[in-house]
Amino acid sequence: MPESEVPHRNVFTMPELPEVEITKRGVDAKFKGHTLRELTVRQPKLRWPVPQTVQACVGLPLVALARRSKYLLMDFGQHVLVVHLGMSGSLKIVSPQQPWDKHDHIQWLFDSDGSTGALRLNDPRRFGSVEYFEKRIETPADPYAHFGRFAALGPEPFSEAFQPESFYQSLRGRKLNIKTLLLSGKAVVGVGNIYACEALFRSQISPGRSASRVSRAQASLLYTSIVDVLSEAIERGGSTLRNFQAIDGELGHFQLHCDVYGRAGEKCKRCEGTIKRRVMGQRGTFYCPVCQK
DNA sequence: AAAAGCCCCTGGATGC
DNA sequence: TGCATCCAGGGGCTTT
């Protein structure tokens with residue numbers, strides 16, 4: 001069956017790891033190596049107040065972009081800005097002359113080959129954040145490890161630290177349901193509500209199953225599903241980005257295809273069941289009660 | 001220590 | 001048509 005005919009639901013997502021990764025690549029392609037000339041904070045009331053210290057980056061070149069979990073890191077050398085898109089945030093590349101949108105909160109004005117280019121954070125619900133950290137030069141291997149809560153985060157899904165057996169071990173003895181545990185960032189980071197539902201569907205594990213009752217074989221399947229579902233989303237985002245790059249635009253959102261998320265009441269893609277929605281850990285959870293055990 | 005609950009905010013959906 | 005009400009949702013923090 002051609003991919004276009006696969007019965008998926010299109011969801012215009014909140015920013016998850018793939019959106020942050022694509023945003024990172026877009027900012028990297030446009031502004032890496034360019035000097036920050038102005039940083040305008042129109043609305044400092046985000047998830048946390050945007051500190052005055054962010055101004056320490058002005059006048060410095062953007063030397064690197066990085067991502068940790070769903071945090072986007074803008075590395076200005078000794079000074080680093082950590083951006084989180086929350087649930088409605090996005091970064092967009094615009095002309096500095098473009099009128100401000102109601103929800104454009106922050107603007108980075110970069111030198112751009114003799115002219116200037118602007119990057120804006122737009123976030124209607126203001127669950128996003130921009131934080132400032134100073135890099136510790138004495139730990140060059142992982143200069144960001146000590147930032148805020150980073151030390152407490154689980155492994156990155158695409159890192160060497162994320163392996164089937166260690167993943168299985170991190171589930172053992174946890175009575176919490178597997179879906180909520182995935183969202184907690186303890187066993188792996190960057191798996192948000194949508195991808196948790198999708199990965200559990202692929203591995204045919206019920207979201208309500210206690211993590212301690214996920215077998216080694218199931219954990220292995222879930223491990224693969226997590227890596228696959230995130231990789232595929234990044235690929236889709238990559239093609240979205242190519243389109244956006246031609247016109248400049250919003251980097252933080254793109255459409256993705258879901259088997260279960262947002263499909264309550266519809267037919268299961270794999271069996272004769274009907275997709276159900278229930279709330280777990282205060283989040284909407286979509287699954288097939290027939291083929292997910 | 002682990003798990004559950006709370007809260008920030010606004011657009012969209014729903015009800016009258 | 002318009003106004004009031006309700007609710008989702010990431011994830012850190014607080015409470016149990």
Side-chain angles (χ1 to χ4, degrees), chain A residues 9-21 23 41-51 67-73 82-91 100-106 121-133 146-157 169-199 207-214 226 230 233 250 252-253 256 258 260-265 275-287:
Chain A
R9 161 64 54 84
N10 290 328
V11 175
F12 211 57
T13 70
M14 66 215 77
E16 294 223 34
L17 183 147
E19 285 81 355
V20 178
E21 178 63 29
T23 298
V41 180
R42 295 174 79 223
Q43 172 56 278
K45 288 172 65 180
L46 303 183
R47 176 73 161 86
W48 292 285
V50 178
R67 180 188 58 72
R68 180 74 172 100
S69 187
K70 297 180 190 171
Y71 296 93
L72 171 66
L73 288 77
V82 177
V83 179
H84 198 290
L85 299 175
M87 61 166 288
S88 60
S90 63
L91 289 172
W100 291 85
D101 177 87
K102 179 181 175 186
H103 300 297
D104 285 345
H105 305 314
I106 298 185
L121 172 68
N122 182 279
D123 186 5
R125 303 211 172 159
R126 290 196 263 132
F127 277 26
S129 59
V130 177
E131 297 172 277
Y132 166 85
F133 292 98
H146 66 285
F147 288 3
R149 318 142 205 98
F150 284 14
L153 295 178
E156 286 290 325
Q169 293 299 332
S170 68
L171 306 184
R172 298 191 65 192
R174 305 297 300 270
K175 295 198 165 131
L176 195 60
N177 65 70
I178 182 65
K179 195 264 189 169
T180 303
L181 181 57
L182 285 179
L183 289 184
S184 76
K186 293 291 201 309
V188 60
V189 298
V191 179
N193 203 33
I194 295 172
Y195 295 112
C197 293
E198 295 298 312
R209 171 175 288 263
S210 166
S212 62
R213 294 187 173 277
V214 172
I226 288 167
L230 292 175
E250 190 172 312
H253 297 261
L256 61 111
C258 295
V260 287
Y261 190 86
R263 298 189 66 232
I275 303 305
K276 292 277 183 293
R277 178 187 188 276
R278 57 179 277 215
V279 175
M280 300 181 57
Q282 296 162 307
R283 297 291 179 268
T285 303
F286 299 84
Y287 65 106

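Keep in mind that the numbers below use all heavy atoms, side chains included, and drop hydrogens, waters and symmetry copies. The sequence lines fix the lettering, A, B, ..., with proteins before strands; numbering per chain opens at 1.
- Considering only side-chain atoms of A:H103, the nucleotide from C:dG12, B:dG5, B:dT10 that sits closest is B:dT10.
- Computed from coordinates, the A:R278 CZ to C:dA8 C1' distance equals 18 Å when rounded to whole Å.
- Among the nucleotides C:dG11, B:dC6, C:dA8, the one closest to the side chain of A:Q282 is B:dC6.
- Rounding to whole angstrom units, CD of residue A:E19 and C1' of C:dG9 are separated by 14 Å.
- Nucleotide B:dT10 holds its C1' atom 12 Å from the CD atom of A:Q43, rounded to whole Å.
- We find that CD of A:E131 is positioned 12 Å from P of C:dG11, with the value rounded to whole Å.
- In this model, the phosphate group of C:dG11 is not approached by any side-chain N or O of A:R47 to a distance below 4.0 Å at OP1 or OP2.
- In this structure, of C:dG11, C:dA8, B:dC9, it is B:dC9 that holds the atom nearest to the side chain of A:R126.
- Of the side-chain N and O atoms in A:Y71, one or more sit less than 4.0 angstrom from OP1 or OP2 of C:dG12.
- When each of A:Y287, A:Y195, A:F286 is paired with A:Y261, the ring pair (Phe, Tyr, Trp, His ring centres under 6.0 Å) condition holds for A:F286 and for no other.
- A:G185 comes within 4.0 angstrom of nothing in the nucleic acid, heavy atoms only.
- Rounded to whole Å, the distance from CZ on A:R172 to P on B:dA1 is 20 Å.
- Between the side chain of A:R68 and the backbone N or O of A:K70 there is no donor-acceptor pair closer than 3.5 Å.
- No engagement by A:K186 is indicated, since no non-hydrogen atom pair under 4.0 Å with the nucleic acid exists.
- Of the candidates B:dG5, B:dG11, B:dA3, the closest approach to any side-chain atom of A:P124 belongs to B:dG11.
- Going from atom OG1 of A:T180 over to atom NZ of A:K186 covers 12.0 Å, rounded to the nearest 0.5 Å.
- Relative to the side chain of A:F127, the nucleotides C:dG12, B:dG5, C:dG9 differ in distance, and C:dG9 lies closest.
- Going from atom CG of A:L171 over to atom CZ of A:R209 covers 11.5 Å, rounded to the nearest 0.5 Å.
- Residue contacts for A:N193: at a heavy-atom cut-off of 4.0 Å it reaches the sugar-phosphate backbone alone, with no base atom in range.
- In this structure, CH2 on A:W100 lies 10.5 Å from CG on A:N122, to the nearest 0.5 angstrom.
- One can place CD of A:E16 at 12 Å from C1' of C:dG11, the figure rounded to the nearest angstrom.
- Here B:dA4 is the nucleotide among B:dA4, C:dG12, C:dG9 with the atom lying nearest to any side-chain atom of A:L176.
- Rounded to whole Å, atom P of B:dC9 lies 17 Å from atom CG of A:N122.
- Interatomic distance, A:Q43 CD to A:D104 CG, rounded to the nearest 0.5 Å: 11.5 Å.
- Comparing C:dG11, C:dA8, B:dC6 against the side chain of A:K70 picks out C:dG11 as the nearest.
- The base of C:dG11 does not come close enough to the side chain of A:R149 for any donor and acceptor atom to sit less than 3.5 Å apart.
- Per the geometry, CE belonging to A:M87 stands 16 Å off C1' belonging to C:dG12, to the nearest Å.
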